[in-house]
Amino acid sequence: MNCTLLTWPEPIVRVQSLSDSGITVIPEQYIKPPSDRPATTTSPNPLDSPATEVHDIPIIDLSNLLSPDSTLRHGTMSLVSRACREWGFFQAVNHGVSHDLMSRMREVWREFFHLLPVEEKQRYANTPGTYEGYGSRLGVEKGIKLDWSDYFFLNYLPESVRDQNKWPTRPLPCRELVAEYGNELATFCGKLMKVFSANLGLEEEYLQKAFGGEEVGACLRVNYYPKCPQPDLTLGLSPHSDPGGMTLLLPDEHVSGLQVRRGEKWVTVKPVPNAFVVNIGDQLQVISNATYKSVEHRVIVNSSRERVSIAFFYNPKGNIPIEPAKELVKEDKPTLYPAMTFNEYRMFIRRMGPCGKSQVDSLQQQVKDTEAEVEKLKKELADAKAAANIAEAEVKKIKEEEREKLRQADAKGYEVGIKRAALEYTQVAQKMVNDELEARLPDLYKLSYAAGAEAMAGVVVIQPESGFLKQLPEPVVPDLELPYTEEECAPLPPKDDDEEMAEAENQGDKVGDGVAEGGSSDKAAEAEGQKQEQNLLSKR
């Protein structure tokens, strides 16, 4: 990954040249603020008292990781797990890397800084673009405080990123030693990654795959800390946590300088012969969701002896997003870090230089800020849903009122329709009756005439159930009026013998009278029949 700046913001001064010049006062840009100076602790703490002071980081013998005895193997894994969780650091002995290779690697780089002339070393001068080569500052911000050290930085993995032009040709075995040493340490890191995965409860290959598998990254930095006339005012390397995955440090076996933060105290690491100092980097803290800790550390310098150490950084592939393993995210331990590639992450230290744990802590703050924003959005969404529910209820009420109006309108319309249909049916039925009566009118006239004549002759008595009324059609519509009332159609009372004799004599007299009046009885009967017919018609 390239930095945007192609040159350093200020002229580079080699710290070794300052030390060799015999100065007694260090330049202002190397003097740290009082709170960051080596003799200063950040705050009083009971744990810092001599009775409870811890003098060194854990030392773990790794030989039992290959033991056939599961008890020994698991016991060693347990020690590693505890160190990663509580310290973030431990010294590893019996790790499997050649002690002779370790010694020769230290010596060849000591020779590089001591024996090569400045002009030859300057051929490998680095730039902010890759940091690869010979350098004397970390961070490209102008005016930042500098550390009392020089270094040589090399990319090692993947092989495609190696720039052989930056690998020193002298001392002669340097290139070969770097290649062999890098191969041994990459193998050792791969073994530790399996142990770390298993201790986290993950599949053995989980962390290696998360780092990119065969495309994992690795780089190497040789640190040279010259003698300093005022070691109490400056630092060889400012407090920081390593931005990568894991660091294997080959310390100077003669001079201590590495300090690890333990609470509010800095613990000076005392190098164990042929040991590597192993420390967890920010990327493993992220993947483990802070189960493993990347811990702040720094380097102090002294006025009597120089110091050389070699750090091997085992890192994720630059373009792979690194985030907490899903298996390690629980309801009571949510995701603490957002996903971010290593290329994006290490831009911070390349821009600002070592700045404690501010970068990884800033990731947690990002998550907190994001969570706060999410909660805010959730509240706004809840309010919006509540408003929507109220609006929905109001709409539902309005719709129901409209439906009720429609139901009432439909019912009214149905009732009106039924009434209209009933009226039309009644009218049709009435018309049918009228048409039937009109069609049968001539017959009615005849029946009426005959009935009237018979009545006049006293021969027929009209009965509702036997007269011509039975020949009329049954009314098909209720409340139609009948041609006669019930009183008019009621049966006549029976006559006794005396009444019949008197009536017969009366009729005889009338007939006789008629004959006497010139034979007009037929005409009188005819007139009487016409009168009866008119009465019938008027009653219709």
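Heavy-atom basis, side chains included; hydrogens, waters and symmetry copies ignored. Bear in mind the structure is a predicted one, so any value in this text is a computation, not a measurement.
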Over all atoms of both residues, closest heavy-atom pair of Ala311 and Phe313: CB-CZ, 3.6 Å
Listed partners of Ser149 passing side chain to side chain donor-acceptor pair (under 3.5 Å), at least two apart: none
With sequence neighbours excluded, residues passing ring pair (Phe, Tyr, Trp, His ring centres under 6.0 Å) with Phe188: His95
Ring center gap for Trp8 and Tyr131 short of 6.0 angstrom: yes
Exam field: side chain Asp232 to backbone Arg37, donor-acceptor pair closer than 3.5 Å: no
Donor-acceptor pairs under 3.5 angstrom involving side-chain atoms of residues 157-165: please list them, not counting sequence neighbours.
residue, atom, partner, partner atom, Å
Arg162, NE, Tyr156, O, 2.6
Arg162, NH2, Tyr156, O, 3.3
Asp163, OD1, Asn165, N, 3.1

Side chain proximity check, Phe312 to Cys189, heavy atoms < 4.5 angstrom: yes
Close side-chain approach of Trp87 to Arg262, heavy-atom, < 4.5 Å: yes
Closest non-hydrogen atom pair between Pro251 and Ala275, with its separation: CD-O, 3.7 Å
NZ/Lys145: more than 12 non-hydrogen atoms of other groups inside 6.0 Å: yes
Ionic contact status for Lys209 with Glu205, cut-off 4.0 Å: no
Considering all heavy atoms, the nearest Tyr206-Ser197 contact: N-OG, 3.9 Å
Given Arg137, Lys32, Arg298, the one that forms salt bridge (Lys or Arg N to Asp or Glu O under 4.0 Å) with Asp147: Lys32
Asn315 (side chain) donor-acceptor with Ala218 (main chain) under 3.5 angstrom: no
Any residue meeting side-chain contact (heavy atoms from CB on, under 4.5 Å) with Glu215, in chain and number order, not counting sequence neighbours: Lys317
Between Gln122 and Tyr134, a side-chain donor and acceptor under 3.5 Å: no
Between Gln283 and Tyr345, a side-chain donor and acceptor under 3.5 Å: no
Working for side chain to side chain donor-acceptor pair (under 3.5 Å), residues Ser78 and Arg82: CA-CA 6 Å; Ser78 178; Arg82 183 175 178 182; over 6 Å; no
Validation row: Asp282, Asp242 side chains within 4.5 angstrom (heavy atoms): no
Atom pair NZ (Lys166) and CZ (Arg123), whose distance is rounded to the nearest 0.5 Å: 10.5 Å
Rounded distance (nearest 0.5 Å) linking atom CG of Leu146 with atom OH of Tyr30: 5.0 Å
Residue pairs, two or more places apart or on separate chains, that pass salt bridge (charged side-chain N to carboxylate O under 4.0 Å, His left out) and touch residues 98-115: Asp100-Arg104, Arg106-Glu253, Glu107-Arg110, Arg110-Asp252
Short side-chain to backbone donor-acceptor contact, Glu132 and Asn155, under 3.5 Å: yes
Side chain Asp150, main chain Val15, donor-acceptor under 3.5 Å: yes
Sequence-distant partners of Phe89, ring pair (Phe, Tyr, Trp, His ring centres under 6.0 Å), two or more places apart: His297
Heavy atoms from other residues, nucleotides or ligands near CD of Glu120 exceed 12 (cutoff 6.0 Å): yes
Row check, Tyr225 ring normal vs Arg305 NZ/CZ: under 6.0 Å, within 45°: no
Trp167 backbone acceptor or donor facing Arg175 side chain under 3.5 Å: yes
Side chain to side chain, Val278 and Gln91, heavy atoms closer than 4.5 Å: no
For Val260, the option from Asp56, Thr268, Ile57 that meets side chain to side chain contact (heavy atoms under 4.5 Å, CB included): Ile57
side-chain contact (heavy atoms from CB on, under 4.5 Å) between Ser309 and Leu258, worked out: CA-CA 10 Å; Ser309 68; Leu258 175 64; over 6 Å; no
Leu250 CG to Phe276 CZ distance, which is reported to the nearest 0.5 Å: 5.5 Å
Where Asn289 and Leu336 come nearest, the two heavy atoms and their spacing: OD1-N, 3.0 Å
Close side-chain approach of Cys228 to Ser19, heavy-atom, < 4.5 Å: no
Donor-acceptor pair, side chain of Ser67 and main chain of Asn64, under 3.5 angstrom: no
Trp109: partners by ring pair (Phe, Tyr, Trp, His ring centres under 6.0 Å), with sequence neighbours left out: Phe112, Phe152
Exam field: side chain Thr187 to backbone Asn183, donor-acceptor pair closer than 3.5 Å: yes
Check: Leu220 and Ile310 side chains under 4.5 Å, non-hydrogen atoms: yes
Test item: Val80 and Leu62 side chains (from C-beta on) under 4.5 Å apart, heavy atoms: yes
Results of salt bridge (Lys or Arg N to Asp or Glu O under 4.0 Å) for Arg307 - residues two or more places apart only: none
Heavy-atom pair of closest approach, residues Trp148 and Pro27: CZ3-CD, 4.4 Å
Test item: Gln16 side-chain N/O and Pro226 main-chain N/O as donor-acceptor pair under 3.5 Å: no
Rounded distance [0.5 Å steps], CG in Leu207 versus OG in Ser288: 8.5 Å
Residues which pass side-chain contact (heavy atoms from CB on, under 4.5 Å) with Glu214, listed by chain and number, not counting sequence neighbours: none
Contacts of type salt bridge (Lys or Arg N to Asp or Glu O under 4.0 Å), residue Lys121, not counting sequence neighbours: none
Asp69: partners by salt bridge (Lys or Arg N to Asp or Glu O under 4.0 Å), with sequence neighbours left out: none
Distance-only donor-acceptor check, side chains Arg14 and Ser136, under 3.5 Å: yes
Sequence-distant partners of Lys333, salt bridge (Lys or Arg N to Asp or Glu O under 4.0 Å), two or more places apart: none
Non-hydrogen side-chain atoms of Leu233 and Ile26 separated by less than 4.5 Å: yes
Neighbour count above 12 (heavy atom, 6.0 Å) for Glu392 CD: no
Atom of Ala186, atom of Tyr314 and distance for their closest heavy-atom approach: O-CE1, 4.1 Å
OG1-CD1 distance between Thr341 and Ile322, expressed to the nearest 0.5 angstrom: 8.5 Å
Sidechain-backbone polar pair: Thr76 side chain, Leu72 backbone, donor-acceptor under 3.5 Å: yes
Interatomic spacing from CG in Asn274 to NE2 in His99 - rounded to 0.5 Å: 4.0 Å
